[in-house]
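Okay, so here's the structure we're looking at.
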Amino acid sequence: MLSRNDVCWCGSGRKYKSCHMRYDERLLEFQSEGYVIPSQDRIKTPKEIEGMKKSAVITKGVLTYLEGKVIAGMTTQEIDDIVHIYTTERGGIPATLGYNGYPKSCCTSVNDVICHGIPGDYVLQEGDIVNIDVTTILDGYFSDSSRMFTVGEISEKAQKLITGAYNCMMKGIEAVKPFESIDVIGEVIDAYAKSQGYSVVRDLGGHGIGLAFHEDPHVNHYKNDYKGMIMVPGMTFTIEPMINEKDYETETLDDGWTVMTTDNGLSAQWEHTILVTEDGYEIIT
Ligand code: MF3
Ligand code: CO
Ligand code: CO
């Protein structure tokens, strides 16, 4: 336990009483109410946040670079090639490549694929919707983001799902506030998704990120009764709701990665890496 006049644990060099003392007291109150509180190493230093932001320049850069380039007749492997070249030319490493044996530099999830689609020989067709999910490591710092891409003319129901999923992500992001439970994110996403007639995937969620690909905490995108982790300034995690046109259930293919809907309904997803700030949030990606 630090006493009032000790130097704060956060590395600011300031006295504990004028730095994180009040903050720690508040967290202990939450803990006594049964909430999970973040350990000190969940709080990123200014240097670590800077590193993540530089990594994010590549992540958002490649997604923006892909806008307009995802067209009928191309393979998902060609998307992967673009991500690989763009990332490595800028000194980054695609975090997915070799991650638990995953073979490619991004994920390409088409139509009823919920996430973790593996780029390959599939030829994109007019009307397809594709989530491209990119994670970059730069100087050891991770950033993770995904967007939806459309191939030519798409159906009205597909466009509505894409927009609905984007709104779900943004509503989740806007719910980020220090000293609130992380579960408010799932609450607002679930409520909005339901209001649009959609379901929210439960088997996968967002995750802490920064010095590793997947850190604590897990971020649920659906309403639940857990008392989740309390959000505090300096925490970084992803919000990446997977929104299904029909049922939220998932099925993983024999390749060990590709996660699909079980009823062939469409699925859409958007993802940002978020920093909790003193008064809300900052989108890193
Ligand atoms: N980028 C994905 C996420 O948002 C994770 C992909 S892991 C992979 O968490 F191995 F499937 F690529
Ligand atoms: Co992620
Ligand atoms: Co991702």
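Counting starts at 1 for both ligands and their atoms, following the listed order.
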Neighbour count above 12 (heavy atom, 6.0 Å) for Tyr166 OH: no
More than 12 heavy atoms from other groups under 6.0 Å of CG on Asp41: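 Atom CG in Asp41 is crowded, with more than 12 foreign heavy atoms closer than 6.0 Å.
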Lys/Arg-Asp/Glu bridge criterion (N-O < 4.0 Å) met for Glu282, Lys53: yes
Short N-O contact, Glu174 and Lys171, less than 4.0 angstrom: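 No.
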Short side-chain to backbone donor-acceptor contact, Ser105 and Pro94, under 3.5 Å: no
Protein N, O or S within less than 2.8 Å of the Co ion (ligand 3), waters excluded: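 Metal shell, protein only: Asp133 OD1, Asp133 OD2, Asp144 OD1, Glu271 OE1.
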Distance-only side-chain donor-acceptor flag, Asp144 / His207, under 3.5 Å: yes
Side-chain H-bond candidate by donor/acceptor type, Lys44 with Thr236, under 3.5 Å: yes
2.8 Å cut-off met by an N, O or S atom of His214 to the Co ion (ligand 2):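 Given the 2.8 Å cut-off, His214 does not count as a ligand of the Co ion (ligand 2).
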Tyr16 six-ring face occupied by Arg14 cation (under 6.0 Å, within 45°):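 Negative - Arg14 is either too far from the ring of Tyr16 or too far off its axis.
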Ligand 1: protein residues within heavy-atom distance under 4.0 Å: Thr96, Tyr99, Tyr102, Cys107, His116, Asp133, Thr135, Asp144, His207, Phe213, His214, Glu240, Trp257, Glu271
Thr96 and Thr135: CA distance, side-chain angles, deciding distance, side chain to side chain donor-acceptor pair (under 3.5 Å) verdict: CA-CA 7 Å; Thr96 56; Thr135 313; over 6 Å; no
Candidates Ser267, Ser109, Ser146 - the one meeting side-chain hydrogen bond (donor to acceptor under 3.5 Å, both in side chains) with Asn131: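 Among Ser267, Ser109, Ser146, the one that satisfies the side-chain hydrogen bond (donor to acceptor under 3.5 Å, both in side chains) with Asn131 is Ser146.
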